[in-house]
Number of protein chains: 2
Amino acid sequence: MEPHEPDLTAVPVTNVLAALADDVRLQIVRALAEGGEAACGSFDFGVSKATRSHHLKVLREAGLTRTRAAGTSRLVRLRRDELDKLYPGLLDAVLTQRPPA
Amino acid sequence: MEPHEPDLTAVPVTNVLAALADDVRLQIVRALAEGGEAACGSFDFGVSKATRSHHLKVLREAGLTRTRAAGTSRLVRLRRDELDKLYPGLLDAVLTQRPPA
DNA sequence: GGTGTTGTTCGATCATTGTCGAACAAGGGT
DNA sequence: ACCCTTGTTCGACAATGATCGAACAACACC
């Protein structure tokens, strides 16, 4: 099963934005930004594991995350450096949890 | 016909991102960022005027643009100041046209 | 008033996508 | 070998969304 992690420069901006434009995925990205590398199972946001796996696939194929196997788990991490280099400010703008202010 | 332009702070981030995660709308936003205020009709990106109107509505309701009537036309402009204040770096990150690198 | 321009709204259609349960695959442990 | 844990994949289904033509509304101009 190839991880299928694209070159970020080859991913259209709209794909990156679409990947971030979902509540569950945004929560995953926030968790990764705070906690660093994490196992897929650690993201329990009221969705089934099938759905979670789907979201992680979307994030991976949009170039936002990398995945590596570790035993029976898979560890996911944000491609923060690349993202900040290619889209400076994007993650920072999106990651900060905003109060309903 | 109420313009229905929401307070930006009341719009979920995912809505803002979703509004930007479309090729036609991104072209509109880019055109607005470059040319300032423009009439709806000036955005001719291979879609019908019904579709164009739809996209402008999405942008407006996501808090990205403001619209004002001017004769039979409607002038649209980017809410850049507000966006830059609430999501610093977002527009800059997204607006720059990237070559297929 | 009539005509033309500019947008919006209304169905309708079609593609995309978020969601789930169930089946499957790969490891680890005993 | 067996089982349990962890994820992925496979349909299937429902909801959303992009798109269009046609009808409508508002305004300007003659």
Considering only [options], which nucleotide approaches the side chain of [X] most closely?
{"X": "B/Ser48", "options": "C/dT6, D/dG7, D/dC20", "result": "D/dC20"}
{"X": "A/Ala50", "options": "D/dG7, D/dA18, C/dG21", "result": "C/dG21"}
{"X": "B/Arg25", "options": "D/dT6, D/dA18, D/dT19", "result": "D/dA18"}
{"X": "A/Val24", "options": "C/dT19, C/dG7, D/dT19", "result": "C/dT19"}
{"X": "A/Val47", "options": "C/dC20, D/dT5, C/dG7", "result": "C/dC20"}
{"X": "A/Cys40", "options": "D/dG7, C/dG18, D/dT6", "result": "D/dG7"}
{"X": "B/Lys49", "options": "C/dA23, D/dT19, C/dG7", "result": "C/dG7"}
{"X": "B/Asp22", "options": "D/dA18, D/dT6, C/dG7", "result": "D/dA18"}

Does the side chain of [X] reach to within under 4.5 Å of the side chain of [Y], using non-hydrogen atoms?
{"X": "A/Arg68", "Y": "A/Glu37", "answer": "yes"}
{"X": "B/Val13", "Y": "A/Leu20", "answer": "no"}
{"X": "B/Leu90", "Y": "B/Leu83", "answer": "no"}
{"X": "A/Val94", "Y": "B/Leu17", "answer": "yes"}
{"X": "B/Cys40", "Y": "B/Val76", "answer": "yes"}

Identify which one of B/Leu26, B/Val16, B/Thr65 satisfies the side chain to side chain contact (heavy atoms under 4.5 Å, CB included) criterion when paired with B/Leu59. B/Thr65
Could you tell me how far apart [X] ([atom1]) and [N] ([atom2]) are, to the nearest whole angstrom?
{"X": "A/Glu61", "N": "D/dT9", "atom1": "CD", "atom2": "P", "value": "9 Å"}
{"X": "B/Asp44", "N": "C/dG7", "atom1": "CG", "atom2": "C1'", "value": "14 Å"}
{"X": "B/Leu75", "N": "C/dG7", "atom1": "CG", "atom2": "P", "value": "8 Å"}
{"X": "B/Leu59", "N": "D/dG17", "atom1": "CG", "atom2": "C1'", "value": "14 Å"}
{"X": "B/Leu17", "N": "D/dT16", "atom1": "CG", "atom2": "C1'", "value": "17 Å"}
{"X": "B/His54", "N": "C/dG11", "atom1": "NE2", "atom2": "P", "value": "17 Å"}
{"X": "B/Lys57", "N": "D/dT19", "atom1": "NZ", "atom2": "P", "value": "15 Å"}
{"X": "B/Leu26", "N": "D/dA18", "atom1": "CG", "atom2": "P", "value": "13 Å"}

Tell me which of A/Ala18 and B/Ser42 sits closer to the 5' end of DNA chain C, going by the nucleotide each one is nearest to.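 By nearest-heavy-atom nucleotide position, the 5'-most residue is B/Ser42.
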Taking for each residue the nucleotide of DNA chain C with the nearest heavy atom, is it A/Thr51 or A/Ala70 whose nucleotide lies nearer the 5' end? A/Thr51
Any side-chain N or O of [X] below 4.0 angstrom from OP1/OP2 of [N]?
{"X": "A/Ser53", "N": "D/dT9", "value": "no"}
{"X": "A/Thr72", "N": "C/dG27", "value": "no"}
{"X": "A/His55", "N": "C/dT17", "value": "no"}
{"X": "B/Arg74", "N": "D/dC27", "value": "no"}

Could you tell me whether A/Ala39 contacts a base, only the sugar-phosphate backbone, or nothing, with contacts defined as non-hydrogen atoms closer than 4.0 Å? sugar-phosphate
